[in-house]
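Comments concern the structure below.
No hydrogens, no waters, no symmetry mates; every other heavy atom, side chains included, goes into these values.
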Amino acid sequence: MLRDAVEWGVAQGVERFQLNAEPKARTLYERVGFTAPGERLMELRVPPRP
């Protein structure tokens, strides 16, 4: 479901997703491509389309 939400956002033109993640959930977001620029912050940046 998370991948579907990201795909929908990308189709709508979203270029960056950010969320606060509980430490226990971080691996879930990492599997989808999120990185951790902060202790609780998770981020997924979408490359711009040409």
Side-chain angles (χ1 to χ4, degrees):
M1 184 165 34
L2 179 57
R3 284 190 175 103
D4 289 341
V6 169
E7 287 176 14
W8 180 86
V10 170
Q12 302 305 309
V14 175
E15 296 178 355
R16 181 173 60 179
F17 300 85
Q18 290 184 319
L19 53 88
N20 287 318
E22 291 291 326
K24 293 178 183 178
R26 293 174 72 86
T27 57
L28 167 70
Y29 298 112
E30 289 170 348
R31 283 182 284 190
V32 176
F34 282 79
T35 59
E39 186 175 316
R40 290 191 54 142
L41 180 67
M42 299 293 292
E43 180 176 81
L44 174 66
R45 290 182 180 245
V46 179
R49 294 181 182 184

Worksheet item: Is L2 reachable from L44 through a run of I, L, V, M, F, W or Y residues, each pair having side-chain heavy atoms under 4.5 Å apart?
Response: yes

What side-chain donor-acceptor pairs closer than 3.5 Å can you find for residues 6-23, not counting sequence neighbours?
unit_1	atom_1	unit_2	atom_2	d
Q18	NE2	E43	OE2	2.7
E22	OE2	R40	NH2	3.0

Strictly by side-chain hydrogen bond (donor to acceptor under 3.5 Å, both in side chains), give each pair with a member in residues 23-39 just once, sequence neighbours left out.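 Sorted pair list comes back empty.
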
